[in-house]
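Since the structure comes first, as structure tokens, the remarks are kept for the end.
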Amino acid sequence: MAEIEITSADFEKFREFFYRKTGIQFEPSKRYFVDKRLVERIEATQTQNFRNYFTTLRFEASGEELQNLTNIMTVNETYFFREEYQFECLVNSILPDVVSRKGDNGPIRIWAVPSSSGEEPYSIAMYLLEFWAGINQWDVEIISSDIDTEVLAKARAGLYSDRSVQHLPLRLLQKYFKSTGDGHQISQDLRDAVDFTRVNLADRGTTRDYRDFDVVFCRNLLIYFDDISRRGAAETIYDALKPEGFVCLGHSESMSRFSSLYKVRKFDEARVYQRPADSK
Amino acid sequence: MAFVKVAARDTQQDTANPRALEYDALELQLHDESADVRRWAARDLVDCPSASRMLVGRLHEEGDASVREVILTALTIRGDDIAMTGLVECLRSEHVSLRNEAVEAMKQLPEKMAPIIRELLGDPDPDVRIFAVNILESLRHPEVESWLISVIETDPELNVCATAVDLLGEVGSPAARLPLHRIKERYADVPYIQFAAEVALSRLGGE
Ligand SMILES: C[S@@+](CC[C@H](N)C(=O)[O-])C[C@H]1O[C@@H](n2cnc3c(N)ncnc32)[C@H](O)[C@@H]1O
């Protein structure tokens, strides 16, 4: 096959399109990363050149190729107990606050978006079982979502590499995982504890039904967005939360820089954001 | 008690935006009693061809800050003439929070703000010019420094110049040194300008 070329104009077109679809902003410095993946998909789909491929991407009714491409364009880096201080904050400060205001016996609802391959929501489940006495008293619903269908399949399968689990205390690794020939299989109980779904945080259609959460984790996604998409994500999360519900962002992310919807809550373990109470 | 699952909605594909037919309903929802409903309506109106006017109209009546924020985002995303004029109009509002919220929203829009900034910096109302300088504070645009320099060289109002001098200290380069010295001379008897220009000069370096 002849060499497939992605021109600067192609890159610009693609960049704008992908940004509108996903909120993800590729800086010109990411050109190599993007071009390489585009060429890979042009070859796989036998569309021969960027123009044909881009047409498929835009007009294909099933959206299948857009999904394939999204799956290889996303950065899915994650591991168990990443930024653990926030889980400490969850069990020691956030959940006690949530429970103290809770007016019914319904489940406490947690949304972890993006899930990537599941290390984060499973860490939350483990943390609740290990370090939160309230788990004996309350039902908890954990939903975790990502735009990437491949990582969602991995998350549901729950099979992890040594690298993924390297920050887990040995005791927990032994308790919740079984070593298999090719990695660490997380227990069925934990797999049953988390519901994985596909959500595009930049698409109102897919997030519309996500409501009434007490806590949302949105860590290490907004770094890939530009400020306008971040504002949009902040609004989506706001509508997904109950009044006075909490949001935890990644340690390098700050809501106050682009949104004034939330109050900052400083707990001993971490600084998190809170949707204000509804005004009367 | 334990972990439970209540079948969350799983959408395999991004769903289409509201259809034209639904726009009338959205307009009603934009005036609903519940702020939750109004916020969603404002978000959905982003794709409605003629929504800017509706959104701008609502913005000035809206009492809930969260709904205003969402409307401002919708207008910045739309970025058409009516939306941009609507945003600029907020700078003249008597409503202090709305003014500040609009400034925050406009800071996110470097490309769309560029042509408007020039106009705002020449606005007859000095308050509007001060807001324009505030917008420059985090507008990542290559011309920010030259706009600020032209403010301190030409703006007749002391307070506007003072705001620009402060900001030059943060975002300026050695190119701002000469203009800063000139404004020090121009306002030789105003201690605040002397002080602010000194601070700015010491930060710029390049002597
Ligand atoms: C770096 S991982 C973060 C995973 C985890 N939250 C953590 O902090 O370890 C970023 C994830 O965001 C997902 N993502 C990117 N754009 C998204 C969007 N628009 N909606 C939902 N997820 C998205 C990617 O697929 C990727 O799995």
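Convention: sequence-line order gives letters A, B, ...; per-chain numbering from 1.
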Q | Closest-packed option against chain B by number of heavy-atom pairs under 4.5 Å, given A/P107, A/P276, A/S260 | A | A/S260
Q) Could you state the interatomic distance from CZ (A/R20) to CD1 (B/I77), rounded to the nearest 0.5 Å? A) 12.5 Å
Q) A/D139 side chain to B/V4 main-chain N or O, any donor-acceptor pair under 3.5 Å? A) no
Q. Does the side chain of A/R275 pick up a donor-acceptor pair with the side chain of B/S66 at under 3.5 Å?
A. no
Q.
Does atom CZ (B/R53) have a neighbourhood of more than 12 heavy atoms from anything else shown, all under 6.0 Å?
A. no
Q. Hey, are A/E235 and B/T73 close enough side-chain-wise for a donor-acceptor pair under 3.5 Å?
A. yes
**Q.** Contacting moiety of B/A74, where chain A heavy atoms sit under 4.5 Å
**A.** neither
**Q.** Side chain, backbone, both or neither of A/A125 within contact of chain B (heavy atoms, under 4.5 Å)
**A.** both
Q.
Go through it in stages, so that I can follow the logic: the residues are A/D239 and B/R43, the test is salt bridge (charged side-chain N to carboxylate O under 4.0 Å, His left out), and I'd like the CA-CA distance, side-chain angles, deciding distance and then a yes or no.
A. CA-CA 11 Å; A/D239 279 318; B/R43 291 173 62 196; 2.9 Å; yes
Q) So which part of A/I147 gets closer than 4.5 Å to some heavy atom of chain B, the side chain, the backbone, both or neither? A) neither
Q. Do you see a donor-acceptor pair shorter than 3.5 Å between the side chains of A/S259 and B/E69?
A. yes
Q) If you draw a 6.0 Å radius around NZ in A/K263, do more than 12 non-hydrogen atoms from other residues or ligands fall strictly inside? A) yes
**Q.** Heavy-atom side-chain contact between B/L72 and A/R231 under 4.5 Å
**A.** yes
Q | Other residues, nucleotides, ligands: >12 heavy atoms within 6.0 Å of B/E33 CD | A | no
Q | B/E104 and A/F258, any side-chain heavy atoms less than 4.5 Å apart | A | no
Q: Answer yes or no: are there more than 12 heavy-atom neighbours, outside A/K154 itself, under 6.0 Å from its atom NZ?
A: no
Q.
Tell me whether the count of non-hydrogen atoms from other residues, nucleotides or ligands lying under 6.0 Å of NZ in A/K21 goes above 12.
A. no
Q: For residues B/K5 and A/D192, report the shortest heavy-atom separation together with the two atoms involved.
A: CE-O, 2.9 Å
Q) Going from CZ on A/R208 to CH2 on B/W40, what distance comes out if it is rounded to the nearest 0.5 angstrom? A) 4.5 Å
Q.
Is the shortest side-chain heavy-atom distance between A/I135 and B/F3 below 4.5 Å?
A. yes
Q.
Can you confirm whether more than 12 heavy atoms, excluding those of A/F131, are under 6.0 Å from its CZ atom?
A. yes
